[in-house]
4 protein chains.
Amino acid sequence: MATRRKSGTTDRRNREPEIVDAAVRVFHDKGYLAASLQDVADIVGVLKGSLYHYIDSKEDLLYRICAHSHERASEIMRAAVEASDDPLEQLRTYLTDIGAWYLHNIERVSIYFNEGRWLTGERLEKVRDERREFQGFLRGLIEKAAQQGEIAPHVEPRLATHLILGSLNNVSTWYRPDGLYAPTEIVEAFTQMALASLTGESPSPRTKQPARGRARAK
Amino acid sequence: MATRRKSGTTDRRNREPEIVDAAVRVFHDKGYLAASLQDVADIVGVLKGSLYHYIDSKEDLLYRICAHSHERASEIMRAAVEASDDPLEQLRTYLTDIGAWYLHNIERVSIYFNEGRWLTGERLEKVRDERREFQGFLRGLIEKAAQQGEIAPHVEPRLATHLILGSLNNVSTWYRPDGLYAPTEIVEAFTQMALASLTGESPSPRTKQPARGRARAK
Amino acid sequence: MATRRKSGTTDRRNREPEIVDAAVRVFHDKGYLAASLQDVADIVGVLKGSLYHYIDSKEDLLYRICAHSHERASEIMRAAVEASDDPLEQLRTYLTDIGAWYLHNIERVSIYFNEGRWLTGERLEKVRDERREFQGFLRGLIEKAAQQGEIAPHVEPRLATHLILGSLNNVSTWYRPDGLYAPTEIVEAFTQMALASLTGESPSPRTKQPARGRARAK
Amino acid sequence: MATRRKSGTTDRRNREPEIVDAAVRVFHDKGYLAASLQDVADIVGVLKGSLYHYIDSKEDLLYRICAHSHERASEIMRAAVEASDDPLEQLRTYLTDIGAWYLHNIERVSIYFNEGRWLTGERLEKVRDERREFQGFLRGLIEKAAQQGEIAPHVEPRLATHLILGSLNNVSTWYRPDGLYAPTEIVEAFTQMALASLTGESPSPRTKQPARGRARAK
DNA sequence: TATGAATGAGAGTTCATTCAT
DNA sequence: TATGAATGAACTCTCATTCAT
C-alpha cells in the first residue's frame with residue numbers, strides 16, 4: 001500500500017511532519033470525528049499503534065495543526081497595521097492577506113476554524129482565545145475606520161466582523177482545488193465584497209416599505 | 001428495513017415530535033457524529049432501543065430534520081419572485097426571508113446545512129441537489145439584477161452567491177440566543193451588507209488599482 | 001399493507017390458524033432464528049404485540065407446528081404395518097407415504113425436522129423422542145426385511161435409516177414448487193432409490209461386469 | 001471497510017487459525033445465526049472486539065470457512081476423473097472421496113453446505129455457484145454412466161444427484177464422533193447405497209403395480 | 001522506532017416480550 | 001381482542017489507546 005521507505009537515505013527520524021500532513025488531509029476530508037487514526041496511519045504507511053511514538057493522542061494531533069495556524073495569523077495582523085496608516089488600507093491589506101492565507105492553506109486553516117471545537121480543556125480555551133483575538137483585531141480595524149467616517153453608518157462593527165469572517169470561514173465547504181475559481185480570484189472577490197459591504201450604501205428599496213418585519217419564518 | 005409505520009396520517013402520535021426535537025437539540029449542540037442516540041433517549045426519557053419505534057435509524061432522524069427544512073426553503077424562494085418585479089427587490093426579499101428563516105430556526109437549519117453531509121446514498125444526493133437549487137436560485141437573482149445594471153460590474157454571481165450564503169451559514173457558529181444581537185438585527189445587517197457587497201463600489205485603493213482584470217491564475 | 005378485515009362476516013375470533021400458517025411460511029422461508037415475529041405479524045395484519053393473545057412465545061409457535069406434524073407421522077407408521085404382511089411391502093408403503101407426506105407438507109415438515117432443534121427443555125426432548133421413534137420404526141422395518149433375506153447383507157439397518165431419511169429430509173433445501181419435478185415424481189424416485197439401495201448389490205469394482213440391458217420404463 | 005491486512009503471506013500470524021477453528025466449532029454447534037462472536041471470543045480467550053484484528057466481520061469468518069472448503073472439493077472432482085476411464089469407477093471414486101472428505105471435516109463442510117446460505121451479496125452468489133458446480137459434476141458422472149448403460153433406466157440423473165448428496169449432507173445432523181459408527185464405515189455405507197440406488201433394480205411389488213393409497217397426506 | 005496484538009468502552013441496532021389503554 | 005409504546009438484553013462492530021517484543 002503506502003511506501004514504507006523512501007528511496008532516499010535519511011528516512012528514519014522525522015516522520016512527524018509526515019504524520020501531521022496526513023492528519024491535515026484526513027481531518028479536512030472527513031472531519032476530525034469521522035477520521036480515524038487508522039486513516040492517518042494508512043497514509044503514512046505505518047501501523048496506527050506506531051503513531052503514538054510521535055503523538056500523545058488524536059487530540060494532540062489536532063492541536064498541533066491548530067497551534068501552527070495561529071502563528072501565521074499573528075504575523076498577518078502585525079503586517080496589516082504596518083502596511084499603512086489609513087485604517088481602510090489596513091483593512092484591505094488584512095482582508096487580502098488573511099484571505100490569501102486561508103485559501104492557500106485551506107486544509108489546515110479550515111481545520112483550525114471548524115474542527116478546533118473538538119479540543120478540550122486548556123487547549124480548547126487557547127484556541128478560542130486566539131479566535132477571539134482574531135475577531136477583535138478585525139473589529140478594531142473596522143471601528144477605527146468608522147471613526148474616520150470611512151464606514152457606512154449603519155454598520156455594526158462586531159456584527160460585520162462575524163459576517164465577514166463567516167463568509168471566509170465557509171469557503172472550505174465549497175472550494176475545490178480543481179473548481180471554477182482560482183484562490184486569488186476568490187480572495188479578490190472576498191476582499192472586494194467585504195469592503196463594499198462595509199463602506200457601501202445598501203440601495204434603499206423602491207417603495208417606502210422598510211425591509212424589516214418580513215418573513216415570519218416557520 | 002422498510003418503514004413499518006403507516007405513513008400519511010397523524011399516526012405515530014405522542015413522542016415522535018419530542019424525539020425529533022431532542023435530536024435537533026443534541027445534533028446541533030454536539031454535531032451529528034458526536035451525538036449519540038443515548039443522548040437523545042436521555043432527553044426524551046426512554047431507553048435508546050425504544051427510539052426505534054419512531055425512527056428507522058440515526059440517519060433517518062437526521063434526514064427528517066433536513067427534509068423538513070427544505071420545504072420551508074422552497075416557499076421562501078417562491079415568495080421572493082412573487083414579491084416584486086424588480087430583481088433587486090426580489091433579492092432583498094429573498095435575503096431577508098432566508099435570513100429570518102435561518103435565524104428563527106437556527107438549530108434545524110444549521111443542521112440542514114452543516115450536518116447534512118453525513119447522510120448517505122440517495123438522501124445525501126437529495127440534500128445536495130436541494131442545496132444546489134438554493135444556490136442556483138440566489139445566483140439567478142443576482143444575474144437578473146446584473147443584466148439590469150443593478151449589480152457592480154466586477155461581481156461574479158456564482159462566487160458572490162457562495163460568499164453571501166457562507167456568511168449566513170456561519171452564523172450558527174457564533175450566534176447565541178442570549179447574546180448581544182437579536183435575530184432581527186442580524187438579519188438586517190446580513191441583508192444590508194449582502195446587498196451593499198453586490199451593488200457597492202469597493203473604494204479604490206489610494207495607489208494603483210489593479211483590482212480588476214480577473215486573470216485566470218494559478 | 002396486509003388486509004385487516006376479510007370481506008366475509010365471521011372474521012373475529014379464530015385468527016390462530018392464520019397465525020400458525022403465517023409462521024409456517026416465514027419460518028420455512030427464513031429459518032426460525034432469522035424470522036421475526038414482526039414478519040409473522042405483518043403477514044397476518046396485526047401488530048406483533050397482538051400475537052401474544054394467541055401464542056405464549058415464539059417458541060410456542062414453533063412447537064405447535066412441530067406437534068401437529070407428529071400426529072400425521074404416527075398415522076403413517078400405523079398404516080404401513082397394516083398394509084401388508086411382507087416387510088418389504090411395508091417398507092415400500094412407508095417410504096412412499098412418508099415421502100408423500102413430506103413433499104405435500106414440505107414447509108411444515110421441514111420445520112419439524114430442521115428447525116425443531118431450537119426448541120428447549122421438555123419440548124425439545126419430546127420432539128427428539130418422536131424423531132427417534134420415527135427412525136426406530138424405519139429401522140425396525142429394515143431389520144425385519146433383513147431377517148427374511150430381502151435386504152442386501154452388507155446393509156447396516158441403523159446406518160441405512162439415517163441415510164435414507166437424510167436424503168428425504170434434505171429435499172426441502174432444493175425443492176421448489178415451480179421447479180422441474182412434481183412432488184409425486186420425487187416421491188417415486190425417492191422410494192425407488194431407497195429400496196434399491198437396501199436390496200441391490202452394489203456393483204463390485206474392477207470387474208467389468210457390464211450392466212445388463214433393461215427396458216426404459218418411467 | 002476494505003481489508004487492511006496484507007494478504008498473501010503468512011502474516012496475521014498467531015491467533016487467526018485459532019479463531020477460525022473456534023468459529024468452526026461454534027458455528028457448527030449452534031448454527032451461524034445463533035452463534036455469537038462472544039462465543040468465539042470466549043473460546044479463544046480474548047475480548048470480542050479483539051477478533052476484529054483478524055476478521056472483517058462475522059460473515060467474513062463464515063466465508064473463510066466456506067471458501068476453504070471449496071478448494072478441497074475441487075481437487076476431489078479432479079481426482080475422480082483421473083482415477084479411471086470407467087464412469088462407474090469414477091462415480092465410486094468420487095462418492096468415496098467426497099464422503100471421506102465430508103466425514104473427516106464434518107464441521108467445516110457442513111457449515112459450508114448448511115450455513116453458507118447466510119452469506120450475502122457476491123459471496124452468497126459464489127458459494128451457490130460452487131454448489132451448483134458440485135451437483136453438476138455428480139450429475140455429469142451419472143449421465144455418462146447412464147449412456148454406457150450402467151445406470152438403471154428409471155433413474156433421473158438430476159433427481160438422483162439431489163437425493164444422494166442430500167443423504168450425505170444430512171449426516172451432520174446425526175453423526176457423533178463418539179457415536180456408533182466410524183467415519184469410514186459411514187463412507188462405505190454411503191457409497192455402497194448410493195451406487196446400489198443408481199444401478200440396482202428396485203424390487204417390484206408383490207401385488208400389482210400401483211403403490212396403493214399413496215398417502216394423501218394431511 | 002516500529003510492530004501487531006489486545007483492550008475496553010461505547011456506538012447503533014434488533015427483537016421477544018410486557019402492559020396500560 | 002387489539003393497540004402501540006416501552007423494555008432490556010444481546011448483538012455486531014469501531015476505535016483510541018496501551019504495551020510486550
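Chain letters run A, B, ... following the sequence lines, proteins first and then strands; every chain starts at 1.
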Result for 5'-nearest mapping on DNA chain F, choosing between A:A34 and D:Y32, is D:Y32
Side-chain ion pair, D:R123 and D:D60, N-O less than 4.0 Å: yes
Any carboxylate oxygen within less than 4.0 angstrom of a Lys/Arg side-chain nitrogen, looking at C:R15 and C:D21? no
Protein-nucleotide distance ([X], atom [atom1]; [N], atom [atom2]), rounded to Å:
| X | N | atom1 | atom2 | result |
| --- | --- | --- | --- | --- |
| B:E59 | E:dG12 | CD | C1' | 12 Å |
| B:L62 | E:dT13 | CG | C1' | 17 Å |
| A:L51 | E:dT3 | CG | C1' | 12 Å |
| A:I55 | F:dT17 | CD1 | C1' | 10 Å |
| A:K30 | F:dT14 | NZ | C1' | 12 Å |
| B:K58 | E:dG10 | NZ | P | 15 Å |
| D:L33 | F:dA10 | CG | P | 18 Å |
| B:W118 | E:dA11 | CH2 | P | 17 Å |

May I ask you to test the D:Y112-D:R131 pair for a side-chain heavy-atom distance under 4.5 Å? yes
Any non-hydrogen side-chain atom of C:E18 less than 4.5 Å from a side-chain atom of C:V40? no
Quick one: list whatever passes ring-ring contact (aromatic ring centres under 6.0 Å, His included) with A:F113, sequence neighbours left out. A:F134
Residues passing the ring-ring contact (aromatic ring centres under 6.0 Å, His included) test with D:F27, sequence neighbours excluded, are D:Y32
Could you tell me whether the phosphate oxygens of E:dG4, OP1 or OP2, come under 4.0 Å of any side-chain nitrogen or oxygen in D:R15? no
What heavy-atom pair brings C:L33 and C:K58 nearest, and what distance separates the two atoms? O-NZ, 3.7 Å
Smallest heavy-atom separation, C:I111 atom then C:H28 atom, equals CD1-N, 3.8 Å
Nucleic acid contacts - residues 35-48 of chain D versus DNA chain E, non-hydrogen atoms under 4.0 Å: D:V46, D:L47
Between protein and nucleotides 19-21 of chain F, what N or O pairs are separated by less than 3.5 Å?
none

The reported gap from CD in D:E122 to CG in D:L119 (rounded to nearest 0.5 angstrom) is 12.0 Å
Nearest 0.5 Å, please: how far is CZ in D:R108 from CZ in D:R64? 11.0 Å
Applying the Watson-Crick and G-U criteria (both distances under 3.5 angstrom) with [ ] for crossing and | for other-strand pairs, one obtains for DNA chain F .||||||||||||||||||||
Partner residues of A:R128 under the side-chain contact (heavy atoms from CB on, under 4.5 Å) criterion, sequence neighbours left out: A:L124, A:E125, A:R132
